[in-house]
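Labels below follow one simple rule: chain letters A, B, ... track the order of the sequence lines, proteins then strands, and each chain is numbered from 1.
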2 protein chains.
Amino acid sequence: MENEGAGQGLHARVLESLGPAITAGEYPPGTILRTDELEQRFDVSRTVIREAIRVLESMHLVASRRRVGVTVRPAEEWNVYDPRVIGWRLAGPDRPRQLRSLTVLRSAVEPAAAGLAARHATPTQCAELTEHAMGMVATSRGQQLDAYLVHDTAFHRIVLTASGNEMFARLGDVVAAVLTGRTHHHVMFTDPDPAAVTLHVQVAEAVRIGDAERAEALTREITVGAMAELDVLAP
Amino acid sequence: MENEGAGQGLHARVLESLGPAITAGEYPPGTILRTDELEQRFDVSRTVIREAIRVLESMHLVASRRRVGVTVRPAEEWNVYDPRVIGWRLAGPDRPRQLRSLTVLRSAVEPAAAGLAARHATPTQCAELTEHAMGMVATSRGQQLDAYLVHDTAFHRIVLTASGNEMFARLGDVVAAVLTGRTHHHVMFTDPDPAAVTLHVQVAEAVRIGDAERAEALTREITVGAMAELDVLAP
DNA sequence: GTGACGTAAAAGTCATACTTAAAAATGCGC
DNA sequence: GCGCATTTTTAAGTATGACTTTTACGTCAC
């Protein structure tokens, strides 16, 4: 996930404080925030608070109504595909749930993307794919998890992009976040599953020769593995 | 798609003017919008413009930099999952492309959702599913496309919700938009494909008895049909 | 109790003054 | 003429006070 950090400007600072708090459930649905209260709390002007509120509103995290105030909306109404919302939830107490739902999404999307990639990938993309698969092999043993992760995320990002579907392509950050989260939460000592590494190599090959069926099936195996892995860890 | 229309407030009015224009490609990437110029154009105060800009910025449609202005970002950077962005693009010249990419997304997600629904659907949801499948049968003949559409969208929305995955559930609006768009663009005279109607009935049944494999396979058939249908129409 | 009405509270809007960052122009030494 | 530091300038960012609009809520008459 792109680290926008505190962003620039005061409104971003307010946003980076309220956003995580709301998505963490610190303000139950229906909670009312008053503008002038926030003004004092953050010691900034109305302008700044209002702009932050507008952004939260566009994420459907809050709704602003006259004579009432800014009310926190229930989680079911949030724009859960907003990269920032995803980032905040991954950083908060809802992390396990979020990681799980994203992995399920990934399981649905990535096989389809791989199938399309087999048809549409450019020679360059095929080459990069093979390259990163090789990189994964090279770094799959001996505590090189960070280097491995770089190749892994790059690999999946390329598959999603090569699918030629813009909606798939924009999930690259999400997948990267899941993979990163997985690695850093996992037993950082265990080397990656050799079977998974092999699968990646095979996917790269299937995409290269344009075998959509095979690329899809192999990718499905990868995601099934990811789901299984999550089941072992999760509560 | 939820018709937020012009929303309330002046900033929403500005947004509903700039958003569609940008997503329609009327301002090529890199185009610079100056705040005071917009102020005059819309005859509103700085506050209003700034709030609208903040929202566009949160959608990654524009980036605001000091001493430069508000620059329009390239389409690859847009938050294409934002419901409003989807709505704007569906209403603009990019409609065919958008409809296509959403249908592909749907093809990936819905079968998986149906599989999960077979495991997690509540009795109530099963009942509703059957009810709407019946409704589709009842309205599938004799120019009742509007009534049919109501059942169709409800059906798919329930499947997505019943999957128990929040990310899937939030695609309900998207699927509804695609179905609606399909119906209203299509030959509004042709009755729905009887095979598709039957498939919906069978999906409802599979979900009811908890046959995940079958629910997934049948839903895949539905989405394959939707893709094929699109291929016939599209340029 | 119900309905009309008035009040007040909070968001929304506007205008203006001021601050800050950074692009661009300027000037200086070499 | 070229490179680098310095100043200038521009447009966004912030702060503030005055005013408008919507609307929840309490009041009063019936």
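Contact between the side-chain N/O atoms of T35(A) and the OP1/OP2 oxygens of dA10(C) is not found at any separation under 4.0 Å.
At a cut-off of 3.5 Å, with distance as the only test, a side-chain donor of D152(A) or H200(A) sits close to an acceptor on the other residue. With no hydrogens or angles considered, a side-chain donor-acceptor pair links Q98(A) and S101(A) at under 3.5 Å.
In this structure, OH in Y81(A) is found 7.5 Å from CG in L171(A), a value given to the nearest 0.5 Å. Atom CG of L105(B) sits about 5.5 Å away from atom CZ of F168(A), to the nearest 0.5 Å. To the nearest 0.5 Å, atoms CZ (R106(A)) and CG (L160(A)) are separated by 9.0 Å. Considering NE2 of H151(A) and CD of Q144(A), their distance stands at 9.0 Å, rounded to 0.5 Å.
Distance, L33(B) CG to dA12(D) P: 10 Å, rounded to whole Å. Regarding I53(A), its CD1 atom lies at a distance of 9 Å from the P atom of dA11(C), rounded to whole Å. A straight line from CD of E51(A) to C1' of dA11(C) spans 15 Å, rounded to a whole angstrom. Between E37(A) atom CD and dA11(C) atom C1' there is a gap of 14 Å when expressed in whole angstrom units. Atom pair I49(A):CD1 and dA10(C):P shows a separation of 16 Å (rounding to whole Å applied). We find that CZ of F42(B) is positioned 18 Å from C1' of dG12(C), with the value rounded to whole Å. In this structure, the CG atom of L10(B) is 10 Å from the C1' atom of dC14(C), given to the nearest Å. If you take CD of Q40(A) and C1' of dT16(D), they are 15 Å apart, rounded to a whole angstrom.
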Going 5' to 3' through nucleotides 15-24 of chain C and flagging B where a protein heavy-atom sits under 4.0 Å of the base, S where only the sugar-phosphate is that close, and - otherwise, we get --B--BSBBS

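Counting only distance, with no hydrogens or angles, the side chain of W88(A) and the backbone of L18(A) share no donor-acceptor pair below 3.5 Å.
At a threshold of 4.0 Å, the pair R46(A)-D36(A) does not count as salt-bridged, since none of the basic side-chain nitrogens sits closer than that to a carboxylate oxygen. A salt bridge links R54(A) with E57(A): at least one charged nitrogen is closer than 4.0 Å to a carboxylate oxygen.
The overall bend of the helix from dG1(C)-dC30(D) to dC30(C)-dG1(D), read as the angle between its terminal helix axes built from five base pairs each, is 0° when rounded to 10 degrees.
Side chain of R50(A), nearest nucleotide from dG13(D), dT13(C), dA12(D): dT13(C).
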